[in-house]
Amino acid sequence: MQLIVTAISKAYASVQAVKHVSFQINSGEIFALLGPNGAGKSSIIRMLVGMTQPDSGSIMVSYQQQHFDHVPRRLLGYLPEDRGLYPDKSIEKNLLYLARLHGLSKASAMQEMAHWLAVFDLTERRHDELKQLSKGNQQKVQLIAAVLHQPALVILDEPFSGLDPINQEKVVLFLQQLKAKGMTVILSAHQMAMVEKLADHMLLMAQGQVVLAGTLQQIQQQSQPLRQMKVGFNSSVTVSQLQQLPAINGVEPLQANHFMLTLADEVGVADCLKQLMPLAELTQVEMQTADLHQLYLAAMTKQQPEVAA
Amino acid sequence: MISRQSLIVAHWEFLRFFKWKQQLISYLLMICVMGAIALWSYFTDESRQTYRIAVPVELTLANTEQFQFQRPSINVADQLAQMRTDDSWHAVVTEDQGQLIVHTLTGKKWLTQLESVLQQHYRQQTAAKMGLNAEQLNQLEQPVTISTRYLDESYKGKDTPEKMIAMGALILLFVGLTTAFGQVLTSITGEKQQRVTEQLTAIVTPQQWMDGKVLGHSFSALKAMLTSGLVMLLVYTVVSVFAKKAVDLSWLNISVVLWLIPFALLGIVLCASFMGAIAASIDDPNNSGKSAVMMITWLPMVFTFLVIDSPAGWGMTLLSFIPLTSFAAMPVKMAMVTVPWWQPVLSVLLLLATVYWMRRVAGRVFLRGMQMYGKEPSWGEIVRWALSNKTE
């Protein structure tokens, strides 16, 4: 499935939730929507799901030589941000009901259910009422509900929230399995480390607008929030010596005679090295690449200084 | 046309509030309650006992199955004193200036029967003094029989079995609507609070969802009506058996009962759609006054009840054609007067069209209400949505 979103906007009363947002998702990709609370991620998701319509712009979907101006419900699997199922019904009854609504026969639903319950170690508990499960297990049931009918597009709004690190890793594996099955996945999340592992493309948003977009490498190239360099010397160098150098903005001591240096704006690596060499012989020079978390914080600092603070 | 998804939702909703175990327990409880009432009534029935009543020498009273009238050899003061200490005497009757006085320890139900026997005796004594014979006295005691003959041949009569059927139909509709009221409100607002709604609306359209809800709860209401009807028949049968009468169901007018089915079904669907629309606009049932509006659906029964004694009058005629009230009024009218065939047919068609419109309204209100995200719409907004054409 290919999804092309062109300049969509959405306002609620006086609040402009989404402003001219465009992106494209190719078949079998994992696409991440990132941004602080209120950035407009859920508003975009609700438009994709069809719960609301964009005030302007378009959503185009191509699937098996067919074209649609919305995401057809039959092709969609959805995990809403505000999630919940029927607490006084068993896992099996909840899942069977949703699968039947998706058009699955009882036999196919049971077969799919058995597979996914095994993936999440819930087979033994399939007859338990949902209210008897922990929050993490309820979340897993909800994830299963979103993919039971093997949709072409899965939209997961904050799939990692409320999960412990072990279960977060399980969800990462789950998403990788979806990708391996050829499903296109859109997820919104705050867990940058998870997104970094999974997402083929991502969209960083703030105040309803796109801040950064592309692959992780493309985003790293687009923004250079922190230019950091790890250096080591063969003899003693003090922090104050390094702080006095004009090419250096910040110094963080590591192990003996090793430091993490933040370069001053518009200073080249060569200029910096020239200033470092007179202090002592350099035994290590390593440029640091900003991870997604740092890129995110830097981008948000530019857009919303108070949010990042 | 009802979609497959709507039928799945309807099936789910019907079973959601239908649990075999609870149903059987409630029926069992109902039978136990009825049994307890019957047993209590049997064991506390004082009419089956025999009472010793002391009467003065001047009174000549024949004994009955319930009362033994005796003239004691001791004086009245001693009799009264004796009555306080043992239960050999149940009452002492004295006469004072033509007035009979019954002395007894405390109020008892059998005293009413004793008073009746004494009054009968007193009347016979008075009649004897006046020189009346038993037949003349009997004629005086008979009330005047007044019968009414109606010129309108279509009117089946006032206190006829048909009126009982009509009253039964209204009671059953009330039971059905009360069931639907509770279930629709709980189901829709509960799903909102349990956050299921957003998940479901990504799978089915708001109209399919609302159709399923309305249908599921309408069937629940019909099931409640059916079981209540059967319980009413069971009570009738049990009472007949206890009263040692033959169980006679010949008064059941099958034609009216058959017409009641489409009217009840459409009426319940209409009201459930209205309730669904209101419930869909409620965000938090604990802090919303809108749920009380759902009780408007009881008005058709109340209005019909108020004109039940004039089934051919303009009030009943009007109610039997207005689609919002016809489901209650037309079966009642049909039970009590003979109506031309086209009247119920026209009434059903008008009702059917209104049901179609109301379910669309409910779907629209649900769709737009869902987009409010936690904010409850105003009445003005609900009316605007109801009149708009947007369903997706």
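Letters A, B, ... are given to chains in the order of the sequence lines, protein chains preceding strands, and every chain is numbered from 1. Note that the structure is a prediction, hence the values are computed from the model and not measured.
Contact of the B:F181 side chain with the B:T297 side chain is not registered, since no non-hydrogen atoms from C-beta on lie closer than 4.5 Å.
For a residue to count as touching a neighbouring chain, one of its non-hydrogen atoms must lie under 4.5 Å from one of that chain's; by this rule B:L200 touches chain A with the side chain only. For B:Q208, no part sits under 4.5 Å from any heavy atom of chain A, backbone or side chain. The parts of A:L101 that come within reach of chain B are both its backbone and its side chain, each placing non-hydrogen atoms under 4.5 angstrom from that chain. For B:R16, the parts lying under 4.5 angstrom from a heavy atom of chain A are both the backbone and the side chain.
Per-residue heavy-atom pair counts under 4.5 Å with chain B were compared for A:G103, A:A146, A:A145, and the maximum is reached by A:G103.
No option in B:F14, B:F18, B:F274, B:F17 other than B:F17 meets the ring-ring contact (aromatic ring centres under 6.0 Å, His included) test with B:H217. Considering A:I8, A:I25, A:I59 as possible partners of A:L48, the one that fulfils the side-chain contact (heavy atoms from CB on, under 4.5 Å) test is A:I59.
The pair B:E198-A:R46 counts as a salt bridge, with a side-chain nitrogen and a carboxylate oxygen less than 4.0 angstrom apart.
Ring to ring, A:F68 and A:Y63 are not that close: their centroids are 6.0 angstrom or more apart.
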